[in-house]
Q: 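Provided herewith is a single structure, encoded as structure tokens, for subsequent inquiry.
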Amino acid sequence: MNLRAVKGMKDILPDEISKWHRLENTFRHRVEGYGFREARFPIVEPTALFVRSIGETTDIVEKEMYTFTDRGDKSLTLRPEGTASSVRAFVQHSVQAREPVTKWYYIGPMYRRERPAKGRYRQFYQAGIEVFGDPGPFVDAEVIDMVVGLISSLGITEVEVLVNSIGGPEAREHYREALLAYLGPYRAELCADCQRRVDANPLRVLDCKVPRCAEIAADAPSILKHLTDEDRAHFDGLQETLTILGTPYRVDGSLVRGLDYYTRTLFEVLGKGEALGAQNALLGGGRYDQMVKSFGGPDTPAIGFAMGLERLLMAMPEGEPDSHVDVFIVAAQAGVRGEATLLGRELRDAGLRVESDLRGGSLKSQLRRADKINARIAMILGESEVEEGVVQLKDLQEQTQDKIPRAEAAQRVRALLSK
RNA sequence: GUGGGUGUAGCUCAGUGGUAGAGCACUGGAUUGUGGCUCCGGGUGUCGCGGGUUCAAUUCCCGUCACUCACCCCA
């Protein structure tokens, strides 16, 4: 077979879907408990949306986007993340005019053309939330506390919560100057990428992993020293609230994150299980108070996060094997298959999940099938049962069997299932 | 983008210079219409692809592609 899923993109088959459902349902339930409502956005957006929000000099925009020209000569891009679309939609629909605070969540595929690795795919799934209109810091703390609760209700116990503040535009500008002054003398020692970054976006130099650059970055001034009083008060307020909530966290001044749109609060949750390999960032987020305005909307503060579903899945414990079938109907003779099909419809109409093997086959093989797919009950129908208007109700778990009137079949099954 | 590993049955993997095996899965049976456990039986492979060496290559060599892991980046 020479037609395969494209590199870095995976099929999810039914055998693994129940874990996905468990994850998605837990996420939905949790965030809906905080008043978030689902929104769905296009997977394809104008390229400029991401360039302007994520930042021209970020890795995502520089080398990871799936960008193409459509037949109308427009440059389009498969979304690499969800926040840009959320903001675009928020501004496009003037959502701020309908409510003071907007809380949205989304789940869906994202695309980045990176080299695939464990827990990193070119099409991957993210679930995320955005809050528009609340400047914080209480909402920042509540969001962080919410994700901690979410992670824990997924059965993931070993995590670390990192928080940091990179200040607002004013602090960023002061810091930029301080950083440039510091980096100036070292300029020639930096790697080629960083020499370019000094001009384009000096903060990115702090992120570089080239040994010499990392050494230089290690002694660079800290942005925490350049926060304005307001930024500082915001960050203090966040930490105080986390303390009141009893949410564990650690301040990490080196947490910068790869997207340029962040302001003030940044946070990240790291998984610790070895199942994750090197891709241990389960979820990340932060505040982006300038983005709505920069897209032409009103000055609206915002905060959000996104989590990587594949990574969460790897960190989650395996669940109980479940069954997708309540009743398996067995036709004892080939001649009653029509009657068995009718019985199946009767039970389904009563709300039960019913399977059968309409190909027929031996009684033994049909029962084996019922056992294999983990059906709780087998219902056997043969010539004599049809004649008498009854069915054999076999409880595969309790190993019991009763002959019951066919009319009572659905109700008897319900009684057994609810036991 | 850089480095490493691996490609043999549907899956997980053994193995050999003379074209190949196990377990699981699937399937039939163990006396009449009763699953799981046990026992007996059954099918399945362009041994990733291309080239080279050789009388002979799945095995050795080279290339290539794919997958995978790490670096990096991130979710």
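All heavy atoms count here, side chains included; hydrogens, waters and symmetry mates do not. Just so it is clear: chains get the letters A, B, ... in the order the sequence lines come, proteins before strands, and each one is counted from 1.
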Q: Among B/G33, B/G35, B/A75, which nucleotide has an atom closest to any side-chain atom of A/Gln392?
A: B/G33
Q: Using the rule given for side-chain contact (heavy atoms from CB on, under 4.5 Å), can you reason through A/Met316 versus A/Arg22, listing the C-alpha separation, both sets of side-chain angles and the distance that settles it, and then say yes or no?
A: CA-CA 10 Å; A/Met316 279 166 64; A/Arg22 187 151 51 91; 3.6 Å; yes
Q: Take atom CG of A/Leu255 and atom P of B/C74, then tell me their distance rounded to the nearest Å.
A: 10 Å
Q: Walk me through whether A/Leu396 and A/Phe328 qualify under side-chain contact (heavy atoms from CB on, under 4.5 Å).
A: CA-CA 10 Å; A/Leu396 294 168; A/Phe328 194 97; 5.7 Å; no
Q: Using side-chain contact (heavy atoms from CB on, under 4.5 Å), reason through A/Ile144 and A/Leu238 one step at a time and then give a plain yes or no.
A: CA-CA 10 Å; A/Ile144 293 171; A/Leu238 164 62; 4.0 Å; yes
Q: Can you check the distance between B/C72 and B/G51, where both ends of the measurement are the C1' atom (answer in whole Å)?
A: 35 Å
Q: Please give the distance between the P atoms of B/G29 and B/A14 as a whole number of Å.
A: 35 Å
Q: Go through the structure and list residues passing side-chain contact (heavy atoms from CB on, under 4.5 Å) with A/Pro109, not counting sequence neighbours.
A: A/Ile43, A/Arg79, A/Tyr111, A/Gln123, A/Tyr125
Q: Which part of the nucleic acid, if any, lies within reach of A/Leu282 when heavy atoms closer than 4.0 Å are counted: base, sugar-phosphate only, or nothing?
A: sugar-phosphate
Q: Rounded to the Å, how far apart are A/Glu64 CD and B/G1 C1'?
A: 11 Å
Q: Atom CG of A/Leu78 to atom P of B/A75: distance rounded to whole Å?
A: 18 Å
Q: Side-chain contact test, heavy atoms from C-beta onward, threshold under 4.5 Å: evaluate it for A/Glu268 versus A/Leu255 and give yes or no.
A: yes
Q: Write down the distance separating the C1' atoms in B/A9 and B/G5, rounded off to the nearest Å.
A: 23 Å
Q: Whole angstrom is fine here: how far is it from CG in A/Leu396 over to P in B/G35?
A: 11 Å
Q: Could you list the protein-to-nucleotides 63-70 of chain B atom pairs, N/O on both sides, closer than 3.5 Å?
A:
residue	atom	partner	partner atom	Å
B/C67	OP2	A/Lys7	NZ	3.0
B/U68	OP1	A/Lys10	NZ	2.9
B/C69	OP2	A/Lys118	N	3.1
B/A70	OP1	A/Ala278	N	3.1

Q: Below 4.0 angstrom from OP1 or OP2 of B/G35, is there any side-chain N or O of A/Lys364?
A: yes
Q: For B/U6 and B/G48, measure between their C1' atoms and round to the nearest Å.
A: 11 Å
Q: With distance as the sole test, does A/Arg112 use its side chain to make a donor-acceptor pair with the main-chain N or O of A/Pro80 at under 3.5 Å?
A: yes
Q: Between B/U46 and B/G41, how far is it from one P atom to the other, in whole Å?
A: 26 Å
Q: Atom CG of A/Leu363 to atom C1' of B/G35: distance rounded to whole Å?
A: 9 Å
Q: Going by the rule salt bridge (Lys or Arg N to Asp or Glu O under 4.0 Å), which residues pair with A/Asp395 if we only count those two or more places apart in sequence or in a different chain?
A: A/Arg376
Q: For the atom pair CG (A/Leu242) and CZ (A/Phe138), what is the distance rounded to the nearest 0.5 Å?
A: 11.0 Å
Q: Taking the C1' atom of each, how far is B/U44 from B/U27, in whole Å?
A: 12 Å
Q: At under 4.0 Å between heavy atoms, which parts of nucleotides 23-28 of chain B does protein reach? Answer with one letter per nucleotide, 5' to 3': B base, S sugar-phosphate only, - none.
A: --SS-S
Q: Please name all residues satisfying side-chain contact (heavy atoms from CB on, under 4.5 Å) with A/Val386, sequence neighbours left out, ordered by chain then number.
A: A/Val336, A/Glu339, A/Leu381
Q: Starting at the 5' end of RNA chain B, which residue's closest nucleotide do you reach first, A/Arg113 or A/Glu383?
A: A/Arg113
Q: Tell me the stems RNA chain B sits in, counting at least three consecutive Watson-Crick or G-U wobble pairs, each under 3.5 Å on both distances.
A: B:1-7 with B:65-71, B:10-13 with B:21-24, B:26-30 with B:38-42, B:48-52 with B:60-64
Q: Answer whether the closest heavy-atom distance between the side chains of A/Glu45 and A/Arg88 falls below 4.5 Å.
A: yes
Q: Short question: side chain of A/Arg52, backbone of A/Ser294 - any donor-acceptor pair under 3.5 Å?
A: yes
Q: Between B/G42 and B/C55, how far apart are the two C1' atoms, rounded to whole Å?
A: 37 Å
Q: Give me the distance, rounded to whole Å, that separates B/A57 from B/A75 when you measure between the C1' atoms they each carry.
A: 46 Å
Q: Could you give me the CA-CA distance, side-chain angles and deciding distance for A/Arg406 and A/Leu342, then say whether side-chain contact (heavy atoms from CB on, under 4.5 Å) is met?
A: CA-CA 11 Å; A/Arg406 178 159 163 181; A/Leu342 174 59; 3.6 Å; yes
Q: Under 3.5 Å, sequence neighbours excluded: what are the donor-acceptor pairs made by side chains of residues 175-185 of chain A?
A:
residue	atom	partner	partner atom	Å
A/Tyr175	OH	A/Pro221	O	2.8
A/Tyr182	OH	A/Ile216	O	2.6

Q: Which is true for A/Asn280 with a 4.0 Å heavy-atom rule: it touches a base, it touches only sugar-phosphate, or it touches nothing?
A: base
Q: Can you list, by residue number, the residues of residues 325-347 of chain A that have a non-hydrogen atom closer than 4.0 angstrom to RNA chain B?
A: A/Gln333
Q: Which residues within residues 397-405 of chain A lie with some heavy atom under 4.0 Å of an atom in RNA chain B?
A: A/Gln399, A/Gln401
Q: Please list, one pair per line, the donor and acceptor atoms closer than 3.5 Å that link side chains of residues 300-308 of chain A to other protein atoms, with sequence neighbours excluded.
A:
residue	atom	partner	partner atom	Å
A/Thr300	OG1	A/Pro298	O	3.0

Q: Just say parallel, tilted or perpendicular for the rings of A/Trp104 and A/Phe41, cut-offs at 30° and 60°.
A: tilted
Q: Between the base of B/G33 and the side chain of A/Glu385, is one N or O donor paired with an acceptor at under 3.5 angstrom?
A: yes
Q: Which nucleotide sits closest to the side chain of A/Glu114: B/C73, B/G33, B/C74?
A: B/C73
Q: For residues 129-143 of chain A, which residue pairs pass the salt bridge (charged side-chain N to carboxylate O under 4.0 Å, His left out) check, not counting sequence neighbours?
A: A/Asp140-A/Arg287
Q: B/A75 C1' sits how many Å from A/Phe305 CZ, rounded?
A: 11 Å
Q: Hey, does the side chain of A/Arg311 reach the backbone of A/Gly119 with a donor-acceptor pair shorter than 3.5 angstrom?
A: yes
Q: More 5' along RNA chain B: A/Asp371 or A/Leu309, using each one's nearest nucleotide?
A: A/Asp371
Q: Rounded off to whole Å, could you give me the CD1-to-P distance for the A/Ile373 and B/G36 pair?
A: 15 Å
Q: Applying side-chain contact (heavy atoms from CB on, under 4.5 Å), name anything that partners A/Lys364, two or more places apart in sequence or on another chain.
A: A/Ser362, A/Arg368
Q: Expressed as a whole number of angstroms, how long is the span from A/Tyr105:OH to B/A75:P?
A: 22 Å
